[in-house]
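Presented below is the structure to which this report refers.
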Amino acid sequence: DTSTRAGDEYTPEFSGIYMNTFADDTIGIAIIASRQERNNGVNAANVGGYYTRTGDGGDQKLANNDNQINRPTTADSNYSLPQSMAYNIAEYRSERTNGQVVLQMAPSDSVSMTLDYIRSEHDLERSYSDLSAWFSNTAAVSQSSSWTDGPIASPVFYQETVKNNDFAMGTGEDGRTNTNESIGLNFDWQVNDELNLNFDWHDSSAETGANGPNGTSSLITMASFNKVGQTIVTGYDMPVMLLDLNSGGETDRPLYKNDMIMTGSVFSNGASLMNIEQTKFSGTWDFSDESSIDFGVQISDVDNKSVSNVVQLNNWGGSTNPGDLADIVIRSSVEGQFDQLSGNDYDGIQTEYMTASLADLIAAGEADYVANGTDFLSVVSGDGGYEAIGDCGTGYCASTKYNGEGVNSFSNLFTLEESIAAYIRYNLSTEVSEMPVNLHLGLRYEETDITSQAVAGEYDGTEWSKAGNEAYLTAKAGGGE
């Protein structure tokens with residue numbers, strides 16, 4: 001796979017099949033196995049949502065002045081203003097292992113038994129970095145734009161002048177493991193020429209969850225607060241990001257390592273487990289050449305459990321000091337990563353940004369809390385402690401506590417479906433006036449009981465982020481249901 005940048009382009013794959021019979025062909029076995037390793041890269045350029053407003057009405061996100069070319073201005077037209085734009089560079093590493101064992105026995109011509117077991121496991125790891133810009137809309141110092149013809153207008157370009165806003169850069173390393181297992185047993189008995197009986201049972205499960213301490217999704221952001229302008233240009237295969245970092249009067253100011261400070265972080269975790277157990281007894285009684293009766297009973301249980309939580313530090317306005325990250329950040333670029341898309345070589349497109357390993361950012365973030373004497377779980381708003389903590393004891397890892405303890409939000413969902421069914425069917429195959437006639441008369445009874453439970457957090461207030469531009473719900477003490 002030539003899309004990978006960090007892994008091997010050529011990766012191994014093994015598979016094999018073994019089959020044989022024993023004891024005069026009354027016992028048979030089959031073993032099937034395979035293993036694959038893959039590395040691949042995925043690049044994404046995207047717009048993170050839009051504010052859509054009518055051209056004339058309340059809650060406008062765009063100034064109505066001479067700087068807006070072809071702006072919709074009537075109540076029966078609208079425009080969509082981008083909320084953010086981002087470039088994401090991700091690497092994936094996956095391992096897939098599949099296996100199946102089948103054992104069959106036929107001790108006599110009238111009896112056969114089959115036992116089979118299947119297991120598959122998919123382990124996926126992701127590492128990524130991104131650069132993004134969030135628009136301020138009417139909170140910007142100034143706005144200018146050009147729009148396609150309405151009544152539904154999109155920006156040809158949209159530009160903001162801002163005052164030392166953040167140029168955000170994110171880093172994440174996470175992964176999950178998906179496991180499927182199934183075991184089944186089948187017993188078939190031809191009792192006599194008239195009666196055949198069959199017993200079938202299986203138990204299957206599917207499970208997914210994190211394969212490391214960073215949970216199923218992780219993000220730590222850092223930023224340079226030297227951005228004084230931002231522009232998005234559309235009309236190409238990718239959105240074009242243009243940034244003005246010339247704060248402080250320095251012409252063509254580059255991005256400095258000393259600019260970088262840590263901001264917010266999010267560690268999300270989730271796990272799901274599904275079990276299906278099914279038992280069926282059935283048979284057929286051929287009591288004449290023309291007539292037979294099918295009958296059977298089936299019992300099945302299906303249970304699903306899904307849990308999730310979030311450990312989030314809302315330090316979006318910054319937590320460390322300029323220069324604290326200078327020794328761990330790496331000057332990076334997205335140049336050449338989108339060369340198959342038009343717009344990638346637009347004059348002035350933002351390609352340079354900073355990256356760092358997640359481990360280094362975690363260490364820097366934890367050291368900052370220790371240095372400030374705030375390395376504890378926050379008890380009351382404003383005490384400076386971690387807003388949430390994970391299994392590592394700080395706010396820089398995922399949590400496996402799905403009861404709301406120490407996390408920002410959580411959910412715990414469970415359903416159980418229990419079913420029983422019975423059926424009987426009469427079959428007739430005959431002729432009437434030398435014409436074939438088939439008749440089926442049946443009766444089926446089915447009953448299903450469903451139990452569903454859910455536990456989720458309760459909230460009793462809001463608080464502003466440190467950046468002062470977002471409000472967050474605050475969890476009620478003790479969690480909730």
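Within the model, atoms CG of Asp203 and CD of Gln278 stand 11.0 Å from one another, a figure rounded to the nearest 0.5 Å. Residue Leu273 holds its CG atom at 5.0 Å from CD of Glu207, rounded to the nearest 0.5 Å. With rounding to the nearest 0.5 Å, the separation of CG in Asp303 from OG1 in Thr451 is 11.0 Å.
Looking at Leu313, Val310, Val311 one by one, the single match for side-chain contact (heavy atoms from CB on, under 4.5 Å) with Val266 turns out to be Val310. When each of Tyr128, Tyr353, Phe338 is paired with Tyr87, the ring-ring contact (aromatic ring centres under 6.0 Å, His included) condition holds for Phe338 and for no other.
Under the 3.5 Å distance criterion, the side-chain polar atoms of Thr171 are left unmatched by any main-chain donor or acceptor of Ile220. Using modelled atom types, one side-chain atom of Asn164 and one backbone atom of Phe225 make a donor-acceptor pair closer than 3.5 Å. The backbone N or O of Ile299 lies less than 3.5 Å from no partner atom in the side chain of Thr279, so there is not a single donor-acceptor pair. The backbone N or O of Ser205 sits nowhere less than 3.5 Å from a side-chain atom of Asn275 that would complete a donor-acceptor pair. For the pair Arg331 (side chain) and Leu255 (backbone), a donor-acceptor distance under 3.5 Å is present. With Arg253 contributing its side chain and Asn226 its backbone, the two residues share no donor-acceptor pair below 3.5 Å. Judged by distance alone, the side chain of Thr221 and the main-chain N or O of Gly264 form a donor-acceptor pair under 3.5 Å. Between the side chain of Thr320 and the backbone N or O of Met262 there is at least one donor-acceptor pair closer than 3.5 Å. The backbone N or O of Asp8 sits less than 3.5 Å from a side-chain atom of Asn39, completing a donor-acceptor pair. Between the side chain of Asp391 and the main chain of Thr400, a donor-acceptor pair closer than 3.5 Å is present.
In summary, the side chains of Asn40 and Ser3 do not present any donor paired with an acceptor at a separation below 3.5 Å, with no hydrogens or angles considered. Ser144 and Gln159 form a side-chain donor-acceptor contact under 3.5 Å, judged by distance and modelled atom types alone. Donor-acceptor pairing under 3.5 Å is recorded for the side chains of Ser80 and Thr52. Side-chain contact of Glu91 with Thr4: a donor-acceptor pair under 3.5 Å is present, judged by distance alone. Side chain to side chain, Ser127 and Glu173 fail the donor-acceptor criterion of an N or O pair below 3.5 Å. A side-chain N or O of Ser204 and one of Ser182 form a donor-acceptor pair less than 3.5 Å apart. In summary, the side chains of Glu181 and Tyr117 do present a donor paired with an acceptor at a separation below 3.5 Å, with no hydrogens or angles considered. In this model, no donor atom of one side chain and acceptor atom of the other lie less than 3.5 Å apart for Asp166 and Thr263. With no hydrogens or angles considered, no side-chain donor-acceptor pair links Asn98 and Gln100 at under 3.5 Å. With 3.5 Å as the limit, one finds a donor-acceptor pair spanning the side chains of Asn43 and Arg5. A side-chain N or O of Asp360 and one of Ser357 form a donor-acceptor pair less than 3.5 Å apart. No hydrogens or angles considered: a donor-acceptor pair under 3.5 Å links the side chains of Thr161 and Ser142. In the model, Ser411 has a side-chain atom that pairs as donor or acceptor with a side-chain atom of Ser308 under 3.5 Å.
The residues Asp1 and Arg38 are annotated as not salt-bridged, no charged nitrogen and carboxylate oxygen being separated by less than 4.0 angstrom.
Counting non-hydrogen atoms of other residues, nucleotides and ligands closer than 6.0 Å to NZ of Lys61 gives a total above 12. Within 6.0 Å of the CZ atom in Phe22, the count of heavy atoms belonging to other residues, nucleotides or ligands exceeds 12. Within a 6.0 Å radius of CD in Glu335, other residues, nucleotides and ligands contribute 12 heavy atoms or fewer. Other residues, nucleotides and ligands place more than 12 heavy atoms under 6.0 Å from the CG atom of Leu115. By the 6.0 Å contact criterion, CG on Asp327 is open, its count of non-hydrogen atoms from other residues, nucleotides or ligands being 12 or less. Other residues, nucleotides and ligands contribute at most 12 non-hydrogen atoms within 6.0 Å of the CD atom of Gln340.
Partners of Glu95 under the salt bridge (charged side-chain N to carboxylate O under 4.0 Å, His left out) rule, at least two apart in sequence or in another chain, are Arg35, Arg93. For Glu417, there are no salt bridge (charged side-chain N to carboxylate O under 4.0 Å, His left out) partners two or more places apart in sequence or in a different chain.
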Side chain to side chain donor-acceptor pair (under 3.5 Å), that's the test. Do Tyr386 and Glu366 meet it? Break it down for me. CA-CA 10 Å; Tyr386 290 114; Glu366 291 176 341; 5.4 Å; no

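Between Ser272 and Ser306, the shortest heavy-atom distance links the atoms OG-OG, 3.4 Å. Closest non-hydrogen pair, Ile17 versus Met19, comes out as CG2-CG, 4.1 Å. Counting all heavy atoms, side chain and backbone alike, Asn214 lies closest to Ser218 at O-CB, 3.6 Å. The nearest pair of heavy atoms linking Ala140 to Val162 is CB-CG1, 4.1 Å.
At a threshold of 4.5 Å between non-hydrogen side-chain atoms, the residues Glu387 and Asn314 count as touching. Counting heavy atoms from C-beta on, the side chains of Tyr158 and Leu62 come closer than 4.5 Å. The shortest side-chain heavy-atom distance between Asp324 and Ile261 does not fall under the 4.5 Å cut-off.
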